Amino acid sequence: MAGGASDTVVRTGRVSRFVIYTVLIVFCIYYLLPLYVMVVNSLKPLDEIRGGGMLSLPQTWTLAPWGSAWSTAQIGIEATGLRPYFMNSILMVVPAVAISTILGALNGYVLTKWRFRGDTIIFGLMLFGCFIPFQMVLIPMARMLGLMGLAGTVPGLIFVHLVYGIGFSTLYFRNYYAQFPTELVRAAMIDGAGFFKIFQRIMLPSSGPIAVVCIIWQFTNIWNDFLFGASFADFDSQPMTVALNNLVSSSTGVKEYNVHFAGAIMAALPTLLVYIVAGRFFVRGLMAGSVKG
Amino acid sequence: MGFLDIKNATKSYGSLQVLHETNIAVEEGEFLVLVGPSGCGKSTLLNMIAGLEEVTSGEIAIRGNRMNEVRPAERNIAMVFQSYALYPNMNVAQNIAFGLEMHGVPKPKREEAVRDVAELLQITKLLDRKPGQLSGGQRQRVAMGRALVRDPDVFLFDEPLSNLDAKLRVDMRTEIKKLHQKLGTTIVYVTHDQIEALTLSTRIAVMFGGYVQQLGTPKEIYDDPANMFVAGFMGSPSMNLFPAKIAVANGVPQAEFTLVDGKTGALPLPNPAMAEHDGRSVILGIRPEAITDLDGADRNSKAIHQVEARVEVTEPAGSDTFVVSEFGSKEITGRFRADVVVKPGDIFPFAINMDKAVLFDPETENRIR
Amino acid sequence: MTQSVSARKGSGDWLREALPKIVLSPSLALVLIFVYGFIFFTFYLSFTDSRLLPSFGWVGAENYDKLFSLRAWDIAVNNLLVFGGLYILICCALGLGLAILLDQKIRSEGFIRTIYLYPMALSFIVTGTAWKWFLDPGIGLEAVVQSWGFTSFEFDWIKNRDMAIYTIVIAAVWQTSGFVMAMFLAGLRGIDNEVLKAAQIDGASNWALYRRIVIPQLRPAFMSAFVVLAHMAIKSYDLVIALTNGGPGRATELPATFMYSYTFTRNQMGIGAASATIMLMTIAAIIVPYLWSELREKK
């Protein structure tokens with residue numbers, strides 16, 4: 001979906017256009033409402049929320065819930081706020097995204113430009129790996145991480161995300177490189193370039209767009225993951241999503257809704273930012289995961 | 001032994017054989033064109049020479065050295081691709097120099113070589129541009145420059161003109177020919193365009209169905225086709241091929257065939273040896289330019305014969321008028337002078353130059369000599 | 001252009017020949033071990049007496065027998081059918097409807113699209129948190145409407161055993177329907193305008209145009225949407241955890257949450273493995289034919 005120029009031949013009258021715009025705006029409100037709720041309620045004192053004012057703007061504006069969510073709120077047993085977990089997520093996401101993207105690019109290059117018997121089957125195997133319910137790998141993975149000495153650590157999570165991210169990054173690069181003219185590779189071969197030289201000098205310089213798509217996709221997926229984080233992390237290596245859930249669902253004490261909302265926005269902010277800055281690529285990534293080619 | 005030797009080379013994908021045993025010896029400085037319809041095996045053969053496809057059996061040798069196991073980069077060849085295959089992220093100078101760079105040529109030498117080639121091809125002004133900013137003809141030149149700069153033993157061209165518009169194609173054709181005459185390099189050139197093949201080559205290999213149907217000079221291929229495929233494929237409009245029967249009248253062999261009004265036409269065959277085929281069914285092949293109006297006939301030929309036939313369609317084409325009739329229930333086309341007065345339905349004398357007529361066996365489709 | 005550069009034997013240069021495969025092999029090894037090896041391992045565990053830890057005492061199909069007789073599993077499967085069915089149906093209906101409306105030369109289409117799609121960028125935990133408190137009768141929608149004076153207004157689905165599963169549908173549809181809209185919009189943009197013009201000249205009304213010409217051509221988009229949504233529904237875990245944590249009671253238990261709690265908190269690893277196996281097979285039944293057809297087309 002490249003966006004922009006809609007060119008439809010269907011003609012609509014004045015009244016129906018009014019109806020169409022109304023419906024579209026109503027749905028804008030529907031999609032924006034939860035975000036609005038999160039933002040306004042993260043900026044007001046708790047008693048304003050309790051008084052049934054969830055939809056109203058704050059009477060007293062306050063940043064206290066944000067401060068609390070970031071650095072003092074009780075997560076599990078410690079009152080550290082979400083800050084250390086935010087850092088965990090960053091430490092987890094950056095290497096996992098980088099490595100899976102690089103491997104995906106190399107795999108895509110091999111699978112399109114150095115084809116061999118059975119390559120489609122290998123690709124199919126990798127691709128199917130993206131769709132399995134991860135419940136199926138939780139038990140052995142927990143053991144394997146233990147054996148590798150990575151249980152309950154951030155590197156362990158990096159490894160898990162890397163392994164299950166390869167399928168998608170390979171998919172992106174394979175589909176992209178399949179459109180890349182093979183004659184260029186042949187020309188470079190005749191010019192004397194080898195496997196890695198061709199990749200580095202011919203393929204990589206043209207891979208910008210797909211690299212962006214792949215990075216965004218992997219970043220969003222890994223940042224937003226909950227299952228692996230909940231299964232394989234210790235208290236001090238938990239990612240943001242798990243910490244947020246702990247914050248929200250802890251049953252002790254007063255429920256600080258405003259702090260919860262502030263925390264939720266913090267967890268959402270990185271991916272939301274990516275979406276706003278590079279929405280075009282984000283959508284392309286989503287689509288490539290479903291309707292291929 | 002030639003300069004580039006293709007010896008018993010074959011290519012198979014699994015059980016599918018796409019190139020049958022092929023033998024071609026290309027001399028140094030020769031311009032060999034591989035021509036045929038798509039799927040005939042010509043590009044496969046070129047890729048085998050380049051080393052981009054493996055040779056299933058047989059041998060490719062350059063300067064007497066077996067090349068089968070040698071990587072493309074080390075065969076000292078250069079190739080111009082159909083899509084030009086210019087590296088989109090490099091400018092023209094970098095594109096041309098890339099091969100030298102990969103072969104470890106030092107920078108000053110590379111720059112000098114690029115300058116020389118750019119001058120030769122008149123693309124000096126374009127050196128800083130990216131391929132995306134070039135026109136089709138300019139890209140074509142850059143692609144040739146990239147090949148030339150390597151100073152290879154053999155140049156390979158894979159349908160290099162097929163992405164250009166008609167006029168530019170003619171211009172570039174001339175230019176490639178000039179370049180060949182100037183540099184005297186050995187070229188193997190693949191095309192599906194038989195006019196390109198005839199105009200450019202010193203020798204042509206006509207290919208079809210994975211076989212080389214005929215290998216010869218353009219004149220041999222055109223005047224003396226080995227079989228009906230070559231006869232029909234080379235030349236435009238293509239050669240008229242229609243069924244006839246050999247009959248001997250007064251000791252002279254002649255070809256008899258039905259005309260459109262049910263009458264029988266007869267054309268004497270200049271080769272007396274044909275008398276021994278008395279009664280045999282054949283396919284008679286006559287090129288359009290050998291079927292003319294009387295005044296347009298070749299005065300040097302001693303075998304101009306007349307057939308009165310009804311004109312079906314006339315197609316004025318400016319320089320000539322093509323006149324369509326029917327011989328032996330097949331449509332045939334004659335090439336008449338432009339100002340001849342003829343209209344559909346006329347019974348008109350067709351002058352036929354039997355010196356240029358060829359006979360084929362209807363079963364094997366091979367020449368009867 | 002699908003043909004590729006076939007590898008060339010450099011004079012006895014084995015390494016150069018094998019390089020592409022060497023580059024691919026670490027990824028392949030990871031996938032073979034951590035996807036297929038692990039699938040096999042879990043599959044094997046589902047036939048063992050594993051409880052707190054994996055153990056290898058073979059018990060045949062006993063875990064499956066137990067699983068199918070468990071009320072909790074029954075509830076989870078039923079919930080999945082209700083949730084999955086409604087989720088796919090509503091997402092498709094909403095997605096198609098919005099896509100058609102957005103395809104009418106709408107001013108600031110890009111802006112509206114951005115709004116419809118942003119939930120997809122969020123974590124299900126964030127979505128769950130937002131909806132959890134928004135649907136909470138004590139402070140959310142119910143309290144708000146009551147504070148406006150409609151004191152008899154009630155909306156307590158999230159606390160109501162019979163209705164809680166529908167709150168999962170609401171939140172999940174909110175998160176994904178924009179994405180389905182984008183898929184259908186891409187499908188609509190791919191339809192040849194000349195066909196539509198021809199139909200109009202034939203006298204088709206807008207309604208007939210969409211029903212007879214456009215929607216039938218969106219079949220591939222429907223297929224993709226179905227596959228994506230179905231596999232998301234089966235894998236749904238985070239949203240339930242964040243929104244209701246499976247409750248009230250077991251009212252919103254899904255196979256994914258069932259598997260997790262049986263394996264890791266109830267120490268019934270054999271049964272957990274059996275439930276995971278069932279999930280995998282269900283997803284495979286949907287995904288494998290889809291991937292098969294996609295990869296075959298590419299050839």
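If you're wondering where the values come from, they're calculated on a predicted model, not measured in any experiment. In what follows, chains are A, B, ... by sequence order, proteins preceding strands, each numbered from 1.
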Asks: Have a look at A:Phe199 and tell me which of A:Tyr109, A:Phe180, A:Trp114 forms a ring pair (Phe, Tyr, Trp, His ring centres under 6.0 Å) with it.
Replies: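 By the ring pair (Phe, Tyr, Trp, His ring centres under 6.0 Å) criterion, A:Phe199 pairs with just one of A:Tyr109, A:Phe180, A:Trp114: A:Tyr109.
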Asks: If you count heavy-atom pairs under 4.5 Å between each of C:Val31, C:Ile234, C:Ile115 and chain A, which one has the most?
Replies: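 If we count pairs closer than 4.5 Å to chain A, C:Ile115 comes out on top.
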Asks: Check each atom of A:Ile166 against the heavy atoms of chain C and say whether the ones under 4.5 Å are side chain, backbone, both or neither.
Replies: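 Only the side chain of A:Ile166 comes within 4.5 Å of chain C.
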Asks: Tell me, for A:Phe159 versus chain C, whether the close heavy atoms (under 4.5 Å) come from the side chain, the backbone, both or neither.
Replies: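 A:Phe159 touches chain C through side-chain heavy atoms alone.
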Asks: Between CE of A:Met266 and CE of A:Met240, what distance do you get to the nearest 0.5 Å?
Replies: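 Reported value, rounded in 0.5 Å steps: 6.5 Å.
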Asks: Taking all non-hydrogen atoms of both residues into account, name the closest pair between A:Ala178 and A:Thr112 and its distance.
Replies: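 Heavy atoms of A:Ala178 and A:Thr112 come nearest at N-CG2, 3.6 Å.
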Asks: Using non-hydrogen atoms and a 4.5 Å limit, figure out which bit of A:Phe261 sits close to chain C: side chain, backbone, both or neither.
Replies: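 Interface part for A:Phe261: side chain.
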Asks: Consider only side-chain N and O atoms of A:Tyr275 and C:Thr114, and report whether a donor and an acceptor are under 3.5 Å apart.
Replies: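 The criterion, which ignores hydrogens and geometry beyond distance, is not satisfied for C:Thr114 and A:Tyr275.
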Asks: Parallel, tilted or perpendicular: which one describes the rings of C:Tyr260 and C:Phe264, with boundaries at 30° and 60°?
Replies: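 If you compare the ring of C:Tyr260 with that of C:Phe264, the planes turn out tilted.
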Asks: Tell me the closest heavy-atom pair linking C:Gly272 and C:Thr263, and the distance in Å.
Replies: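 So the minimum-distance heavy-atom pair works out to CA-OG1, 3.3 Å.
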Asks: Pick from C:Leu188, C:Ile191, C:Ile283, C:Val288: which one has the most heavy-atom pairs with chain A under 4.5 Å?
Replies: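 Ranked by heavy-atom pairs under 4.5 Å with chain A, first place is C:Ile283.
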Asks: With a 4.5 angstrom heavy-atom cut-off, is it the side chain or the backbone of C:Val227 that approaches chain A, or both, or neither?
Replies: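 For C:Val227, no heavy atom lies under 4.5 Å from chain A.
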Asks: Answer whether the closest heavy-atom distance between the side chains of C:Met181 and C:Arg113 falls below 4.5 Å.
Replies: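 C:Met181 vs C:Arg113: side chains touch.
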Asks: Within the supplied structure, the quantity of interest is the number of heavy atoms (other residues, nucleotides, ligands) at a distance under 6.0 Å from A:Met148 CE; does it exceed 12?
Replies: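 Enclosed.
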Asks: For chain C, find which of A:Asp225, A:Asn245, A:Ile216 contributes the most heavy-atom pairs closer than 4.5 angstrom.
Replies: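 The option with the most such pairs is A:Asn245.
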Asks: Using non-hydrogen atoms only, which part of A:Ile276 is less than 4.5 Å away from chain C: side chain, backbone, both, or neither?
Replies: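 When you check distances to chain C, no heavy atom of A:Ile276 falls under 4.5 Å.
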Asks: Using non-hydrogen atoms only, which part of C:Leu94 is less than 4.5 Å away from chain A: side chain, backbone, both, or neither?
Replies: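 Contact with chain A: side chain only.
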Asks: Do C:Tyr210 and C:Val214 come close enough that some side-chain heavy atom pair is under 4.5 Å?
Replies: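 Yes, their side chains come closer than 4.5 Å.
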Asks: By a 4.5 Å heavy-atom criterion (distance strictly below it), what part of C:Leu101 contacts chain A: side chain, backbone, both, or neither?
Replies: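 Its backbone and side chain both get close to chain A.
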Asks: Under 3.5 Å, is there a donor on one side chain and an acceptor on the other for C:Trp174 and A:Tyr30?
Replies: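 Note: C:Trp174 and A:Tyr30 side chains miss the donor-acceptor criterion.
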Asks: Should A:Gln135 and A:Leu227 count as side-chain neighbours, where that means a heavy-atom distance under 4.5 Å?
Replies: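 A side-chain contact under 4.5 Å exists here.
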Asks: For C:Leu28, is it the side chain, the backbone, both or neither that has a heavy atom under 4.5 Å from a heavy atom of chain A?
Replies: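 Interface part for C:Leu28: both.
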Asks: Quick one: does A:Trp223's side chain have a donor or acceptor within less than 3.5 Å of a partner on A:Ala267's backbone?
Replies: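 Such a contact is found between A:Trp223 side chain and A:Ala267 backbone.
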Asks: Can you say whether C:Asp238 sits under 4.5 Å from chain A via the side chain, the backbone, both, or neither, judging by heavy atoms?
Replies: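 Both backbone and side chain of C:Asp238 come within 4.5 Å of chain A.
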Asks: Identify which part of A:Ser100 has an atom lying under 4.5 Å from any heavy atom of chain C, answering side chain, backbone, both or neither.
Replies: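 Looking at A:Ser100, nothing touches chain C.
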Asks: So, do C:Leu30 and C:Ser27 sit near enough that their side-chain heavy atoms are less than 4.5 Å apart?
Replies: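 When only atoms from C-beta onward are counted, C:Ser27 and C:Leu30 do not touch, as no gap falls below 4.5 Å.
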Asks: Can you tell me how far the CD1 atom of A:Ile122 sits from the CE atom of A:Met126, to the nearest 0.5 Å?
Replies: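 Here the rounded value is 7.0 Å.
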Asks: Flag the one option from A:Asn41, A:Thr271, A:Asn107 with the top tally of heavy-atom pairs under 4.5 Å to chain C.
Replies: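 Most heavy-atom pairs under 4.5 Å with chain C: A:Asn107.
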Asks: Tell me every residue that passes ring-ring contact (aromatic ring centres under 6.0 Å, His included) with A:Tyr164, counting only those two or more places apart in sequence or in another chain.
Replies: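 Applying ring-ring contact (aromatic ring centres under 6.0 Å, His included) to A:Tyr164 gives A:Phe134, A:Phe228.
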Asks: Give, for atom CE of C:Met183 and atom CE of C:Met223, the distance between the pair rounded to the nearest 0.5 Å.
Replies: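 Nearest 0.5 Å value for the CE-CE distance: 10.0 Å.
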Asks: So what's closer than 4.5 Å to chain A heavy atoms on C:Ala171: side chain, backbone, both or neither?
Replies: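 Contact with chain A: none, neither part.
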Asks: Between A:Leu247, A:Leu55, A:Leu138, A:Leu125, which shows the greatest number of heavy-atom pairs under 4.5 Å with chain C?
Replies: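 Of A:Leu247, A:Leu55, A:Leu138, A:Leu125, A:Leu125 has the most heavy-atom pairs under 4.5 Å with chain C.
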Asks: Determine the option with the most heavy-atom pairs under 4.5 angstrom with chain A, choosing from C:Tyr36, C:Trp148, C:Phe124.
Replies: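 The answer is C:Tyr36.
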Asks: Report which part of C:Phe43 has an atom under 4.5 Å of a heavy atom belonging to chain A: side chain, backbone, both, or neither.
Replies: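 Backbone plus side chain of C:Phe43, per the 4.5 Å heavy-atom cut-off to chain A.
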Asks: Measure distances from C:Leu53 to the heavy atoms of chain A and classify the residue's part below 4.5 Å as side chain, backbone, both or neither.
Replies: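 Contact with chain A: none, neither part.
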Asks: Can you tell me which portion of C:Val173 sits under 4.5 Å from chain A's heavy atoms? Options are side chain, backbone, both or neither.
Replies: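 Both parts, backbone and side chain.
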Asks: Is C:Ser177 in contact with chain A via its backbone, its side chain, both, or neither, using a 4.5 Å heavy-atom distance?
Replies: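 Interface part for C:Ser177: both.
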Asks: Pick whichever of A:Ile265, A:Leu35, A:Val37 has the most heavy-atom pairs under 4.5 Å with chain C.
Replies: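 Max contact count across the listed options: A:Leu35.
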Asks: Going from CG on C:Leu117 to CD1 on C:Ile112, what distance comes out if it is rounded to the nearest 0.5 angstrom?
Replies: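 Atom-to-atom, C:Leu117:CG and C:Ile112:CD1 are 12.5 Å apart.
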Asks: Taking side chain as everything from C-beta outward and backbone as N, CA, C, O, which of these in C:Tyr118 sits under 4.5 Å from a heavy atom of chain A? Side chain, backbone, both or neither.
Replies: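 Both parts, backbone and side chain.
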Asks: What part of C:Thr277 is in contact with chain A, defined as an atom under 4.5 angstrom from a non-hydrogen atom: side chain, backbone, both or neither?
Replies: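 Looking at C:Thr277, backbone and side chain both touch chain A.
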Asks: For A:Met144, is it the side chain, the backbone, both, or neither that has a heavy atom closer than 4.5 Å to a heavy atom of chain C?
Replies: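 Side chain only.
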Asks: Heavy-atom count check: over 12 atoms from other residues, nucleotides or ligands less than 6.0 Å from C:Phe111 CZ?
Replies: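 Incorrect, the count does not exceed 12.
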Asks: Count the heavy-atom pairs under 4.5 Å between each of A:Leu162, A:Leu106, A:Thr220, A:Val248 and chain C, then report the option with the highest count.
Replies: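 With the most close heavy-atom pairs to chain C, the winner is A:Val248.
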Asks: If you count heavy-atom pairs under 4.5 Å between each of C:Tyr237, C:Phe41, C:Trp133 and chain A, which one has the most?
Replies: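 That would be C:Trp133.
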Asks: Given heavy-atom pairs under 4.5 angstrom as the criterion, report whether the side chain, backbone, both or neither of C:Tyr116 touches chain A.
Replies: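 When you check distances to chain A, atoms from both the backbone and side chain of C:Tyr116 fall under 4.5 Å.
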Asks: Based on non-hydrogen pairs under 4.5 Å, which of C:Ile33, C:Val35, C:Leu122 is most in contact with chain A?
Replies: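 Greatest number of close heavy-atom pairs with chain A: C:Leu122.
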Asks: Name the region of C:Phe134, side chain, backbone, both or neither, that has any atom closer than 4.5 Å to a heavy atom of chain A.
Replies: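 Both parts, backbone and side chain.
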Asks: Let's test your reading of the structure: which of C:Thr282, C:Val126, C:Asp136 forms the most heavy-atom pairs below 4.5 Å with chain A?
Replies: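 Highest number of heavy-atom pairs under 4.5 Å: C:Val126.
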